[in-house]
Number of protein chains: 2
Amino acid sequence: MSILSKLSFKDQAFKLREDAILDAATRILASKGFDLMTMDDVALEVGLSKPSLYKHFKSKDDLVAEAMIRLLDGAQTFLDALPREHAPTRKLVALLEWAMRVRLDGGLPFLPSTSPQVRDMLTRNLRYVTRVLKLNGQLEKIVQAGKKAGELRMDLPDDVILFSYYARTCDPAVDYLRLYSKMNNDEIIQHMLSVYLDGVALPQG
Amino acid sequence: MSILSKLSFKDQAFKLREDAILDAATRILASKGFDLMTMDDVALEVGLSKPSLYKHFKSKDDLVAEAMIRLLDGAQTFLDALPREHAPTRKLVALLEWAMRVRLDGGLPFLPSTSPQVRDMLTRNLRYVTRVLKLNGQLEKIVQAGKKAGELRMDLPDDVILFSYYARTCDPAVDYLRLYSKMNNDEIIQHMLSVYLDGVALPQG
DNA sequence: TAAAAAATCTACCACACAGTAAACAAAATT
DNA sequence: AATTTTGTTTACTGTGTGGTAGATTTTTTA
């Protein structure tokens, strides 16, 4: 076994542990939120001791930011994999559906609308901000294409369409529907998409 | 001055201080969120010492719950004051507009979607839950009336319309529009309402 | 104005949690 | 096998904050 392959094996193991930590952090974040998540929680869940976490992530903020970055990377990968020929709205819907499903499966919501402190912490993380800007730029183009194609309302500013879009990925209505309605995940997603696209009002005429 | 009027004067002063505390808590909650708000913050802002706060509210949770209750009472009052002859959707829109304006003026969002802990804390507060249930019951009836009147989509469950409604009162899109767009509050509100009612998609045909 | 009562504040406690130093164990290297 | 190196853990520190006891001031009553 060469030095190189040994190193890569080590790195592989290291990466595996890192993913396990991120998985645990993601689960706990999704269930308890940032402030109630302690580093001891994460260490217990992943089966390591707290100091070992700090070999991988230099702080709690860093750990959470990395979890969010992994989520964004997943979104980017999903978006990149969509057939180029799909209509703009179809792409938007597909990604939103993906984000909702991630969340309903115990994952994190896209937007950490949760609290100002988390938002501030993330905006201080360059790696995170870079990814947000990239994704945002692509989605902005898709929205503009959707308008041109006559799929999206021209009278709404791009901003409004986009921010409403992001907001749907962390919409508390999803949580409440899961808690208090008898719907399954697919029904919840379909209704949320329907409200986002067509609104709740009956079109007159 | 009789004993009775003295007592009522005292009570009045007490009530005034209590409102001042709630005002301060509301401002701080709206800006920093629950977890970053400390009782020392509130005491400083209102110009009292911390122990004095505890003469009015037995805990931080209690203080925050009372702030939310005051907000709900405001909503209830607003709803009660709406002319009975207004169409259902008009009532819904008026209340939603009111809630958004409160928030844009530095008040609290209706739904504490912020974090699971706050939600749990509130659901343990009977006074809060009672008000939520009452308001929810009335809004449910308005939604049903709106469907009957042909204003709201019949194919959407009441749940979906209602939870989406609540979610709009704490929609992060509002924050982002305020931060990153050049719109004034009225424009933001109009666009948010428009998206809720009619969606972002162009109606085909 | 003196005594009693109420309100308010200073100074503190207890606890939870992020982060770390140093002892300890395991692996790799010779 | 001996030695170094790497990785892990136990046990701790420091800080921030919710909450409180007791001193202190203010107000009320006589």
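Naming: A, B, ... by sequence-line order, numbering from 1 per chain. Below, all heavy atoms of this structure are taken into account, side chains as well, without hydrogens, waters or symmetry copies.
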What is the distance, to the nearest angstrom, from the [atom1] atom on [X] to the [atom2] atom on [N]?
X        : N      : atom1 : atom2 : result
B/Phe34  : D/dT17 : CZ    : P     : 13 Å
B/Gln117 : C/dC17 : CD    : P     : 11 Å
A/His56  : C/dG19 : NE2   : P     : 16 Å
A/Lys60  : C/dC17 : NZ    : P     : 9 Å
A/Leu36  : C/dC17 : CG    : C1'   : 12 Å
A/Met39  : D/dT9  : CE    : C1'   : 16 Å
B/Lys55  : D/dG19 : NZ    : P     : 15 Å
B/Met37  : D/dG16 : CE    : P     : 18 Å

Q | Check: B/Val160 main-chain N/O paired with B/Tyr165 side-chain donor or acceptor under 3.5 Å | A |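 It does not hold such a pair.
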
Q.
Any side-chain to backbone donor/acceptor pair from A/Asp41 onto A/Thr38? Under 3.5 Å, distance only.
A. yes

**Q.** Among B/His56, B/Lys55, B/Arg70, side-chain hydrogen bond (donor to acceptor under 3.5 Å, both in side chains) partner for B/Glu18
**A.** B/His56

Q | Nearest heavy-atom neighbours spanning B/Arg127 and B/Asn125 | A |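 Minimum heavy-atom contact is N-OD1, 3.1 Å.
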
Do the side-chain N or O atoms of [X] get closer than 4.0 angstrom to the phosphate oxygens (OP1, OP2) of [N]?
X       : N      : answer
B/Thr38 : D/dG16 : no
A/Ser52 : D/dG7  : no
B/Arg17 : C/dT8  : yes

Just distance, no hydrogens or angles: give the donor-acceptor pairs under 3.5 Å from side chains in residues 87-94 of chain A, sequence neighbours left out.
unit_1, atom_1, unit_2, atom_2, d
A/Thr89, OG1, A/Glu151, OE1, 2.5
A/Arg90, NH1, A/His86, NE2, 3.3
A/Arg90, NH2, A/His86, NE2, 3.2

Q) Should the ring pair A/Tyr180 and B/Phe163 be called parallel, tilted or perpendicular, given that the plane angle runs from 0 to 90° and is split at 30 and 60? A) tilted

Q. Which part of the nucleic acid, if any, lies within reach of A/Ser49 when heavy atoms closer than 4.0 Å are counted: base, sugar-phosphate only, or nothing?
A. base

All N/O pairs under 3.5 Å across the protein-nucleotides 20-27 of chain C interface:
none

Q.
Here's one to test your reading of the geometry: is the NZ or CZ of B/Lys60 within 45 degrees of the ring axis of B/Phe34 and under 6.0 Å from its centre?
A. yes

